[in-house]
Amino acid sequence: MRITEIVTKTAANSMINLSKSFLIATFSASLILVSGCSTTPRAKPANVTDRTSGSTSYEPAPPGYYRVKKGDTLARIALDHGQAPRDVAQWNSTANPSFNPNVIEVGDLILVKPPAGAKVAKPVEKKTASATDKADVPTTTPESAKADIVAEPGIRLSWPAKGKVTGEFNETNKGIDIAGKVGEPVLAASDGKVVYAGNSLRGYGNLVIVKHDNTYLTAYAHNSKLLVKEGDTVRKGQKIAEMGDTDTTAPKLHFELRVNGKPVNPTPYLQ
């Protein structure tokens with residue numbers, strides 16, 4: 001075979017092989033394209049419904065009951081309704097033996113009014129005001145105390161701590177803040193019975209709640225040390241705690257007055 005024929009045949013075979021390779025590559029690319037076109041494109045993730053976000057609607061709570069909301073604790077529910085936490089726990093345990101005061105869920109109904117025949121934490125009887133009741137007055141008396149008129153003079157309170165009022169009562173601050181130093185005395189503003197002493201209410205730190213009668217409660221928050229326990233009877237001006245900075249940024253006493261569970265400005269009641 002001549003050299004020219006060999007070269008020609010070899011070139012022809014190379015062209016054929018190149019054509020085959022091209023066809024195979026083209027066919028493979030077509031399959032990939034077809035496969036890609038036949039696949040359903042990725043869609044946006046499906047919406048997820050948060051069933052704990054309050055989307056469930058509940059019927060209004062019947063009279064005497066409260067419907068639990070996110071973030072509630074039994075102690076806070078009791079405080080907001082002017083009741084002792086122990087009383088609320090007892091009423092609900094009596095009505096429902098499986099009730100667990102440490103485990104309440106959103107939507108639960110909590111009895112916040114004493115049922116017929118129920119025992120409640122009884123406050124001590126009020127004694128006649130004396131000169132010693134006026135001894136606990138802060139070094140700085142806010143001007144608002146002179147201007148405000150006591151709308152409900154059913155109770156007269158002595159100042160629970162000495163110091164400057166650094167936070168006034170408003171829509172977001174449910175009481176007043178009295179600045180001081182860690183360890184300074186915190187005094188009972190009136191005769192009463194301790195219905196709570198602990199730290200389970202977020203934002204209050206070490207807290208004491210005193211029930212004065214069936215209408216009035218006072219709360220003393222952010223203490224460094226509690227000197228009374230639940231069930232203790234206290235007298236006006238008695239040292240019940242030491243000022244601190246628990247659950248807050250600086251030493252102070254956060255003092256609240258609740259009238260039938262509703263926070264009111266305590267300043268007009270203070271003497």
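Atoms considered below: every heavy atom in the structure, side chains included; atoms not considered: hydrogens, waters and symmetry mates.
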Notebook entry, point to check: V210 and V259: same hydrophobic cluster, using ILVMFWY side-chain contacts below 4.5 Å?
Noted result: yes
Checklist line | Separation of K252 NZ from T166 OG1 (nearest 0.5 Å) | finding: 6.0 Å
Notebook entry, point to check: What's the shortest heavy-atom distance between P251 and M243, and which atoms?
Noted result: C-SD, 4.4 Å
Check: Do you know the tightest heavy-atom contact between L226 and L207?
Finding: CD1-O, 3.9 Å
Check: Y66 and D72: side-chain donor and acceptor closer than 3.5 Å?
Finding: yes
Check: Among the clusters formed by ILVMFWY side chains lying less than 4.5 Å apart, do I155 and V264 turn up in the same one?
Finding: yes
Item checked: Heavy-atom closest pair, residues H81 and I77 -> ND1-O, 2.8 Å
Next item on the list: Give the intermediate values and the outcome of side-chain contact (heavy atoms from CB on, under 4.5 Å) for residues W159 and V165.
Entry: CA-CA 11 Å; W159 284 87; V165 175; 3.9 Å; yes
Next item on the list: Mind listing the closest non-hydrogen atom pair of S224 and G183 along with its distance?
Entry: OG-N, 4.1 Å
Margin query: Testing the basics here: between S93 and F99, what is the closest heavy-atom pair and its distance to 0.1 Å?
Written below: OG-CD2, 3.6 Å
Margin query: Just checking K239: does its NZ atom have more than 12 heavy atoms from other residues, nucleotides or ligands closer to it than 6.0 angstrom?
Written below: yes
Check: Which heavy atom in P85 sits nearest to a heavy atom in L74, and how many Å separate them?
Finding: O-CD2, 4.2 Å
Notebook entry, point to check: Could you walk me through whether Y220 and V228 pass the side-chain contact (heavy atoms from CB on, under 4.5 Å) check?
Noted result: CA-CA 12 Å; Y220 312 74; V228 293; over 6 Å; no
Margin query: Using the side chain to side chain donor-acceptor pair (under 3.5 Å) criterion, which residues pair with T246? Sequence neighbours excluded.
Written below: none
Notebook entry, point to check: Does some side-chain heavy atom of I240 sit less than 4.5 Å from a side-chain heavy atom of L227?
Noted result: no
